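Letters go in sequence order (proteins before strands), and every chain restarts at 1. Hydrogens, waters and symmetry mates play no part in the numbers below; they use all other heavy atoms, side chains included. Remember, it's a predicted structure, so these values are computed and weren't measured experimentally.
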Amino acid sequence: MVGSDAVKCSECGSRNIHRDLNRGETSCGDCGVVMSESEIDPRSEWSSFDGDTSKVRTGMPTSFLFHDKGLSTDIDHLNKDYSGRSLGSKQRIQMHRMRKWQRRSRTSSSFERNMEAALVELSRLAGKMGLGKSVREEAAIMYRRALEKDLIRGRSIENMVAAALYLANQKLKTARSLDDFERHSRVSRKAIARSHKIIKSALKLRVEIAQPEQYVGRYANLLELPFIVEKEAIGIIDRARKRDLTHGKSPTGVAAAAVYIASRLTESMRTQREIADISGVTEVTIRNRYKELCGDLGIELD
DNA sequence: AAGACGAAAGTGGTTGA
DNA sequence: TCAACAACTTTCGTCTT
C-alpha cells in the first residue's frame, strides 16, 4: 500500500479507510464506497496439512469467481522452453497436443462453458448493484452447485444468476430487495422469485427471512446519515418488534420509517421523499409505518 | 413553494378451501 | 384453481411550515 497521505476516500475525502484482506476489498469507513477490489492478498497462505508453513503457491487465494478457481496455468503459443530455446519437433508435437488438451479441459465441456458465461453475468450484475466480493463468491458457489444438480437446463443463465445472487445476498444480509434486483437486471422480479425458490429447495439452503435492521445501514449510507441515526433507527425497530409491530409488514417499509423517525429525532432530518427515493418504499407507506410506530412506542416528533 | 397528510381506488402476492 | 385478504402503491386534493 502507498503512504498514508495518499489513502483518502475518492468520494468523501475521508481518511477512515478500511482494508479487508479476506475480501480483497478497500473501502471507506465513512461513506462505504468500495475503492478497489480483487487485490492480491499479500499474506502467505497458512493452510498446510503437514505442519510445514512454507507457501505452496503465490498469487491470489483460490476463488470461486474464476470458472477454474483461478488455478490454471497457461501454456503459451511460443514453441520455446523456459530458457528461450526452441523446441525440437518431437516436443513441438507434444506441446501442440497439450495445448489442445488444455483448451478442451478448460472450456469444452458444456459445464465449464455455462459456468464461464454465468460468471461474466454475475460480475456484471453484482458490479451494477454494488455488491462486494464475498456475496459474489457465495453466489458463484450456489450457482455451481445448482449447475451440478442440473437445475439450470431449460432456464436462462441470466435468470439463474440473478436468483443465486439474490440468495447469496439474503444469506450474507447485504440488504438488497427484489425491487433492487428488478431495477438492475433484465429478469423480472417474478422470475427471480420463482427461480430462487427452486435453488433454495434443491440445495436445501436455510436462509433467514430479511429483517428490517438489515436495510437500515444501507439506507443510512445512501442518505449520508451519521452513525447515531443508524443506531437510533435500529433501537426503534428493536422496540417495535417487542410490540409485534413488524410482523407481516415489509422489512423495507419498517426500516424506511424507522430511519425517517430517527432522522427527525436528530439534527439530520431527511424528507419522506428522499427516503422513498433511495429505499423504493413509497411516501405513503413510510407515513403509515411511522405513524404506527410513533403511536405505539410513544414517540413525539415536533 | 416544499413537505406532509390522508382518502380512495388499484395492484400483486399469500393463504386456505 | 379460485376467491378472500392484507400490505403496498398510485393518484390527487388539502393542510402546514
Asks: Return the CD to OH distance between A:Glu283 and A:Tyr260, rounded to the nearest 0.5 Å.
Replies: 9.5 Å
Asks: Of the nucleotides B:dC5, B:dG3, B:dT14, which one has an atom closest to the side chain of A:Lys197?
Replies: B:dT14
Asks: To the nearest 0.5 Å, how far apart are CE in A:Met142 and CG in A:Leu147?
Replies: 15.0 Å
Asks: If I take atom CZ in residue A:Arg270 and atom P in nucleotide B:dA2, what distance separates them, rounded to the nearest angstrom?
Replies: 18 Å
Asks: Look at atom NZ of A:Lys173 and say whether more than 12 heavy atoms of other residues, nucleotides or ligands are closer to it than 6.0 Å.
Replies: yes
Asks: When the distance from CD1 of A:Ile275 to P of B:dC5 is rounded to whole Å, what number comes out?
Replies: 12 Å
Asks: Given atom CD of A:Glu292 and atom P of B:dC5, what is their separation to the nearest angstrom?
Replies: 14 Å
Asks: Base contacts versus sugar-phosphate-only contacts with protein, heavy atoms under 4.0 Å: please encode nucleotides 8-17 of chain C as B, S and - from 5' to 3'.
Replies: SBBB------
Asks: Provide the Watson-Crick or G-U wobble partner of C:dA6, both distances under 3.5 Å; none if there is no partner.
Replies: none
Asks: Rounding to a whole Å, what distance do you find between A:Ile209:CD1 and B:dG13:P?
Replies: 18 Å
Asks: Rounded to whole angstrom units, what separation is found between the CZ atom of A:Arg189 and the P atom of B:dG13?
Replies: 6 Å
Asks: State whether A:Gln272 places a side-chain N or O below 4.0 Å from either non-bridging phosphate oxygen (OP1 or OP2) of B:dA2.
Replies: no
Asks: Distance-only criterion, 3.5 Å: show the donor-acceptor pairs between side-chain atoms of residues 155-166 of chain A and protein atoms not counting sequence neighbours.
Replies:
unit_1   : atom_1 : unit_2   : atom_2 : d
A:Arg155 : NE     : A:Leu151 : O      : 2.8
A:Ser156 : OG     : A:Asn159 : N      : 3.0
A:Glu158 : OE2    : A:Arg186 : NE     : 3.0
A:Glu158 : OE2    : A:Arg186 : NH2    : 3.0
A:Asn159 : OD1    : A:Ser195 : OG     : 2.6
A:Asn159 : ND2    : A:Ser195 : OG     : 3.4
A:Tyr166 : OH     : A:Gln170 : NE2    : 3.2

Asks: Can you tell me how far CG of A:Leu222 sits from CG of A:Asp277, rounded to the nearest 0.5 angstrom?
Replies: 11.0 Å
Asks: How many whole angstroms separate atom CG of A:Leu301 from atom P of B:dC5?
Replies: 9 Å
Asks: Is the distance from OP1 or OP2 of B:dG6 to the nearest side-chain N or O of A:Tyr290 less than 4.0 Å?
Replies: no
Asks: Taking atom types as modelled and ignoring hydrogens, do the side chains of A:Ser177 and A:Asp180 form a donor-acceptor contact shorter than 3.5 angstrom?
Replies: yes
